[in-house]
Amino acid sequence: MILGVIADDFTGATDVASMLVRAGMRTVQVLGVPEGELPRADAVVVALKSRTIAPLEAVALSLRSCEALRRAGARQIYFKYCSTFDSTPQGNIGPVTDALMQALSADFTIACPAFPENGRTVYQGHLFVGSQPLSESGMREHPLTPMTDANLVRVLQAQTSRSVGLLPWPVVHRGAEAVREALHALRLQGRQIAMADALDNQDLLTLGEACADLPLVTAGSGVALGLPPAYVRRGWLQPDAAAASLAPVHGSAAVVSGSCSVATHAQVRHWIDSGGQAVQLDPLALHDGRQGANALLDEACTALANGPVLVYATATPARVAEVQQVLGVEGASALTEAALARVARGLVDAGVRRLVVAGGETSGAVVQALGIRRLCIGPSICPGVPWTEARLPGDGAVMHLALKSGNFGSTTFFREALTMNGAAA
């Protein structure tokens with residue numbers, strides 16, 4: 001193993017894994033803290049559900065994962081978080097970074113959530129979503145991790161006792177040697193973490209080359225694009241052109257959506273407006289007994305006879321606020337995730353073998369409900385979202401899963417994904 005990745009949610013894990021596979025690294029994703037021997041691969045990505053849990057718990061899970069990856073021989077550890085730097089003033093990005101640095105005896109690392117292909121860029125330490133500062137984007141109203149400050153040096157500094165500095169774009173633009181010199185200068189100034197600017201893929205390649213020898217890299221999935229070429233130049237990696245191949249599957253197709261992001265809301269509306277079958281989950285109706293997970297499942301299974309079906313809890317910010325007012329933030333999330341996971345489990349039992357899941361928290365709940373522990377990473381549907389292959393516990397049946405971050409994908413993503421995978425949408 002060359003690279004061991006610790007991702008703070010399940011969609012983020014498939015996101016970074018897709019970048020590695022794209023560059024020819026044989027990559028396997030393990031769901032949850034690894035147990036037993038890890039698979040043989042160039043890269044192993046550990047998918048945790050640690051983005052919004054208590055910081056101490058997130059640290060504990062991350063450290064256990066790090067130790068498993070190091071035992072398996074990983075040359076470098078990569079802590080992967082969201083390209084919108086999803087976090088709260090308490091963490092969990094800062095606390096996990098601190099703990100991993102201590103565990104790896106790393107005196108310095110970088111932070112860089114940039115993913116230009118999906119419109120996430122960092123300039124002068126400020127994160128932009130398209131042309132908008134993070135604090136003016138849809139992330140401002142995220143139900144779990146609202147991001148109200150685009151200055152990531154300030155955001156990260158609030159979460160860590162380590163000194164955070166800036167690696168500005170003019171330096172990155174000059175190339176890997178200039179970056180190495182700047183990182184050395186930041187070290188001499190007492191900085192321990194550098195927030196790195198990046199505006200395009202060339203910047204990511206530069207950062208990958210400059211940071212490939214660091215014990216720890218922390219970033220979104222974008223920097224993962226730059227690491228494999230650096231490994232090749234060091235003689236560590238022989239790229240595999242077939243790294244993204246998956247076996248075909250046969251069976252029904254469905255979409256389960258729990259994300260309330262702007263992008264996913266547009267995808268749900270497009271699916272419905274273009275005539276797609278859809279079943280809506282209403283958390284308040286679920287809470288007071290007017291709706292039940294079993295009834296939702298029955299409705300969805302009946303629809304499967306006529307083609308792919310969408311089961312969704314996606315709603316507008318106003319509706320989310322109304323639900324949270326009654327159920328609380330954690331209560332609303334837990335109720336919705338449990339119901340969607342129950343429906344997804346039932347759909348798979350009914351023969352669904354191609355399943356798209358939208359939302360990081362929802363993806364984690366669904367995969368756990370299915371009992372899946374390992375994913376092989378396949379071809380990308382769009383930047384950051386690949387199809388993956390899993391074997392179901394019990395009979396070992398093969399199915400394909402696409403775990404989509406709420407913010408990713410075009411308006412037609414659901415149809416694109418299913419059409420690409422051979423399901424009439």
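What you see is a predicted model, and the numbers here were worked out from it, not measured in a lab.
Between the S221 side chain and the V16 main chain, no donor and acceptor come within less than 3.5 Å of each other. Using a distance-only test at 3.5 Å, with no hydrogens or angles considered, no donor-acceptor pair links the side chain of R154 to the main chain of L152. Side-chain atoms of D42 do not come within 3.5 Å of backbone N or O of I2 as any donor-acceptor pair. Side chain of Q76 to backbone of L214: a donor-acceptor contact under 3.5 angstrom is found. In this structure, Y78 contributes its side chain and A224 its backbone to a donor-acceptor pair below 3.5 Å. Side-chain atoms of D203 do not come within 3.5 Å of backbone N or O of V172 as any donor-acceptor pair. A donor-acceptor pair under 3.5 Å links the side-chain atoms of Q277 to the main chain of G307, judged by distance alone. Q324 places no side-chain N or O within donor-acceptor distance of the main-chain N or O of V329, the cut-off being under 3.5 Å. Judged by distance alone, the side chain of Q267 and the main-chain N or O of G409 form a donor-acceptor pair under 3.5 Å. The main-chain N or O of G359 is never found under 3.5 Å from a side-chain atom of T362 such that the two would form a donor-acceptor pair.
In the model, Q159 has a side-chain atom that pairs as donor or acceptor with a side-chain atom of S87 under 3.5 Å. Checking Q368 against K49 by side-chain atom types alone, no donor-acceptor pair falls below 3.5 Å. Looking only at atom types and distance, the side chain of T264 has no donor-acceptor partner in the side chain of T314 under 3.5 Å away. Between the side chains of S135 and D149, not a single donor N or O lies within less than 3.5 Å of an accepting N or O. In the model, S65 has no side-chain atom that pairs as donor or acceptor with a side-chain atom of S62 under 3.5 Å. Side-chain contact, T218 with Y81: a donor N or O sits under 3.5 Å from an acceptor N or O. Side chain to side chain, E416 and S410 meet the donor-acceptor criterion of an N or O pair below 3.5 Å.
Here the side chains of L69 and M1 are in contact, with some heavy-atom distance below 4.5 Å. Contact of the D395 side chain with the L392 side chain is registered, since non-hydrogen atoms from C-beta on lie closer than 4.5 Å. At a threshold of 4.5 Å between non-hydrogen side-chain atoms, the residues P317 and E141 count as touching. Contact annotation: the side chain of M101 approaches that of T109 to within less than 4.5 Å [non-hydrogen atoms, C-beta and beyond]. Considering only heavy atoms from C-beta on, R51 comes within 4.5 Å of C82 through its side chain. A 4.5 Å side-chain heavy-atom check between L310 and S257 finds at least one atom pair inside the cut-off. Residues C376 and T388 form no side-chain contact, since every pair of their non-hydrogen atoms from C-beta on lies 4.5 Å or further apart. When side chains are defined from C-beta on, V21 does not count as touching P386, because their heavy atoms never get closer than 4.5 Å.
Under the 30°/60° scheme for interplanar angles, the aromatic rings of H400 and W387 are found to be tilted.
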When you look at V129 and E136, which way does the side chain to side chain contact (heavy atoms under 4.5 Å, CB included) test go after all the steps?
CA-CA 9 Å; V129 177; E136 297 176 18; over 6 Å; no
Please test E209 against R234 for salt bridge (Lys or Arg N to Asp or Glu O under 4.0 Å), starting from the C-alpha separation and ending with a verdict.
CA-CA 10 Å; E209 173 59 36; R234 285 159 174 76; 3.3 Å; yes
Where do V279 and V309 land on the side chain to side chain contact (heavy atoms under 4.5 Å, CB included) test, with the steps shown first?
CA-CA 8 Å; V279 177; V309 61; 4.2 Å; yes
Kindly determine whether F85 and M195 satisfy side chain to side chain contact (heavy atoms under 4.5 Å, CB included), including the steps that lead there.
CA-CA 12 Å; F85 215 68; M195 183 62 65; 4.0 Å; yes
Carefully, step by step, assess I53 and N92 under the rule side chain to side chain contact (heavy atoms under 4.5 Å, CB included).
CA-CA 8 Å; I53 62 177; N92 290 336; 4.2 Å; yes
Checking R319 against E322 for the salt bridge (Lys or Arg N to Asp or Glu O under 4.0 Å) test, could you report, in this order, the C-alpha distance in whole Å, the side-chain angles of both residues, the deciding distance, and whether it holds?
CA-CA 5 Å; R319 179 58 177 169; E322 181 182 348; 2.9 Å; yes
From CA spacing to verdict: side-chain hydrogen bond (donor to acceptor under 3.5 Å, both in side chains), T160, D98:
CA-CA 7 Å; T160 175; D98 288 344; 2.7 Å; yes
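The local environment of CD1 in I272 is crowded, with over 12 non-hydrogen atoms from other residues, nucleotides or ligands closer than 6.0 Å. The 12-atom threshold is exceeded at NE2 of H126, counting heavy atoms of other residues, nucleotides or ligands nearer than 6.0 Å. More than 12 heavy atoms of other residues, nucleotides or ligands sit less than 6.0 Å from atom CD of E67. Heavy atoms of other residues, nucleotides or ligands lying less than 6.0 angstrom from CD of Q238 number 12 at most.
The nearest pair of heavy atoms linking C66 to L104 is SG-CD2, 3.9 Å. The minimum heavy-atom distance linking A339 with L286 is given by the pair CB-CD2, 3.4 Å. The two residues L403 and V385 make their nearest non-hydrogen contact at O-CG1, 4.0 Å. For the pair Q157 and V164, the tightest heavy-atom approach, listed with the atom from each and the gap, is OE1-N, 2.8 Å. Closest heavy-atom contact between L401 and L370: CD2-CD1, 4.5 Å. Taking all atoms of both residues into account, the shortest heavy-atom contact from L204 to A114 is CD2-O, 4.1 Å.
When each of D86, D9, D15 is tested with K80 by the rule salt bridge (charged side-chain N to carboxylate O under 4.0 Å, His left out), just one qualifies, namely D15.
Note that CD1 of I77 and CG of L3 are 7.5 Å apart. Values are rounded to the nearest 0.5 Å. Between the CD atom of E299 and the CG atom of L281 there is a distance of 11.0 Å, given to the nearest 0.5 Å. One finds the OG1 atom of T52 at 8.5 Å from the NE2 atom of H142 (value rounded to the nearest 0.5 Å). Taken to the nearest 0.5 Å, the OH atom of Y123 stands 7.5 Å off from the CG atom of L199.
Taking the six-membered ring for Trp, F414 and Y312 have ring centres at least 6.0 Å apart.
Salt-bridge annotation for R353 and E389: absent, with no side-chain N of the basic residue lying under 4.0 Å from a carboxylate O of the acidic one. Between R64 and E35 there is no salt bridge, since none of the side-chain N atoms of the basic residue sits less than 4.0 Å from a carboxylate O of the acidic one.
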